[in-house]
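See structure below.
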Amino acid sequence: MLTMKDVVRDGHPILRAKVDEVTTIDEQTQKELREMRQFLINSQDEEIAEKYDLRAGVGLAAPQINLNKRMLAVYLTDEDDEPVYDLMLINPKIISHSVQESFLPSGEGCLSVDDDIEGIVHRKKRIKVRALDIDGNEVVIKASGMLSIVLQHELDHLDGILFYDHINKDTPLLPKEGAVPLE
Ligand SMILES: CC(C)(C)[C@H](NC(=O)Nc1cc(F)cc(F)c1)C(=O)N(CC(=O)NO)CC1CCCC1
Ligand SMILES: [Zn+2]
């Protein structure tokens, strides 16, 4: 099973790489993507997270476990721990997005960034993503709210972008005109 020792940290070159498209969805790729999803599920299980010292993750991109593959997993549950968003996406691409932006008022963190870096990370409020699912079928996902933020955070990882790259150095805590905080 994947644990935090498998998560590469800021400073590792792959976190600044533009990772390669998946050309063949072979068994190995499917196994790796399922392991990424399982890591997120485990990290949100109190007992397992405690036992293996996992940070409660809601999204993970392949380069974070040192895989040069354009794929990501998202696992978001609601307050009753029901899976609300359970995604494994291959070669994901934003095909359209809103002009309006939103942000998490408390800022963002990252499984691959150990320091707390405060500041607002402006994201598109809504995005439409096209990808392949684990069986190679094309999917189109329209995301808003937390899912939109998580997906943009993970998509950035595939292009070597980390959340703090988006923070305004001079006015880190100042929301942009028209940007909407996500409650
Ligand atoms: C970095 C970490 C703090 C572990 C963050 N977790 C997180 O946001 N958990 C969470 C969020 C909720 F809204 C409700 C809840 F119950 C738990 C996370 O997994 N990521 C994913 C990551 O680092 N991917 O590379 C960072 C988030 C910042 C914004 C989107 C994803
Ligand atoms: Zn991250």
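Since this is a predicted model, take the numbers as computed values, not measurements. In listed order, ligands and their atoms are each counted from 1. Numbering starts at 1 and runs along the sequence shown.
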I'd like a table of the close N/O pairs between ligand 1 and the protein (anything under 3.5 Å), one pair per line with both atom names and the distance.
residue: ligand 1; atom: 6 (N); partner: A56; partner atom: O; Å: 3.1
residue: ligand 1; atom: 9 (N); partner: A56; partner atom: O; Å: 3.4
residue: ligand 1; atom: 19 (O); partner: V58; partner atom: N; Å: 3.0
residue: ligand 1; atom: 23 (O); partner: L111; partner atom: N; Å: 2.8
residue: ligand 1; atom: 23 (O); partner: H153; partner atom: NE2; Å: 3.4
residue: ligand 1; atom: 24 (N); partner: G59; partner atom: O; Å: 3.1
residue: ligand 1; atom: 24 (N); partner: H153; partner atom: NE2; Å: 3.4
residue: ligand 1; atom: 24 (N); partner: E154; partner atom: OE1; Å: 3.1
residue: ligand 1; atom: 24 (N); partner: E154; partner atom: OE2; Å: 2.7
residue: ligand 1; atom: 25 (O); partner: Q64; partner atom: OE1; Å: 2.8
residue: ligand 1; atom: 25 (O); partner: Q64; partner atom: NE2; Å: 3.0
residue: ligand 1; atom: 25 (O); partner: H153; partner atom: NE2; Å: 3.2
residue: ligand 1; atom: 25 (O); partner: E154; partner atom: OE1; Å: 3.0
residue: ligand 1; atom: 25 (O); partner: E154; partner atom: OE2; Å: 3.4
residue: ligand 1; atom: 25 (O); partner: H157; partner atom: NE2; Å: 2.9

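Environment of CD in Q28: crowded, with over 12 heavy atoms of neighbouring residues, nucleotides or ligands closer than 6.0 Å. Few gaps surround CG on D135; more than 12 heavy atoms of other groups in view lie less than 6.0 Å from it. For E46, the CD atom sits in a loose shell: 12 or fewer heavy atoms of surrounding residues, nucleotides or ligands are nearer than 6.0 Å. Within a 6.0 Å sphere centred on CD of E118, heavy atoms belonging to other residues, nucleotides or ligands number 12 at most.
Judged by distance alone, the side chains of Q152 and D156 never bring a donor and an acceptor atom under 3.5 Å apart. For the residue pair D115 / Y164, no side-chain donor-acceptor distance below 3.5 Å is found, with atom types taken as modelled. Side chains of T29 and K69: a donor on one and an acceptor on the other come within 3.5 Å. In this model, no donor atom of one side chain and acceptor atom of the other lie less than 3.5 Å apart for N168 and H122.
V74 is not listed as a side-chain neighbour of D86, based on a closest heavy-atom distance of 4.5 Å or more.
Around the Zn ion (ligand 2), protein N, O or S atoms at less than 2.8 Å comprise C110 SG, H153 NE2, H157 NE2.
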